[in-house]
Amino acid sequence: LRLPLSLKAAVEKFSKEDGTSINQFVVMAVAEKVSAINTAAFFEERRAVADREAFRRILNREGGEPPRPGDEMDK
């Protein structure tokens, strides 16, 4: 893996502060990025098939509980 010198220096600094090897730090950084991309793709797929009318019906249905403290919608 080739990194620009400034990026390599930052990785060395942060891996030392984290108490891990440079390799382990890079592996974890790549794993976090892959997870973020997969999560974004998951929610994009879910959004594509969402039924907005059903969502609105559920939100506007009668009964249920009032919002709990802190859950109120801004006006």
Peer 1: Within the side chain of Ser35, is there an N or O that forms a donor-acceptor pair under 3.5 Å with the backbone of Ala31?
Peer 2: no
Peer 1: Other members of the hydrophobic cluster containing Leu7, with the 4.5 Å side-chain heavy-atom rule, please.
Peer 2: Leu1, Leu3, Val11, Phe14, Ile22, Phe25, Val26, Val30, Val34
Peer 1: Tabulate below the donor-acceptor pairs under 3.5 Å that side-chain atoms of residues 46-57 make, not counting sequence neighbours, or state none.
Peer 2:
unit_1, atom_1, unit_2, atom_2, d
Arg47, NE, Glu44, OE1, 3.4
Arg47, NH2, Glu44, OE2, 2.7
Asp51, OD1, Glu53, N, 3.2
Asp51, OD1, Ala54, N, 3.1

Peer 1: Salt bridge or not between Lys8 and Glu12? Use side-chain N to carboxylate O under 4.0 Å.
Peer 2: yes
Peer 1: Determine whether more than 12 heavy atoms belonging to other residues, nucleotides or ligands lie under 6.0 Å from atom CG of Leu5.
Peer 2: no
Peer 1: Taking all atoms of both residues into account, what is the closest heavy-atom pair of Ser15 and Ser21, and its distance?
Peer 2: CB-O, 3.8 Å
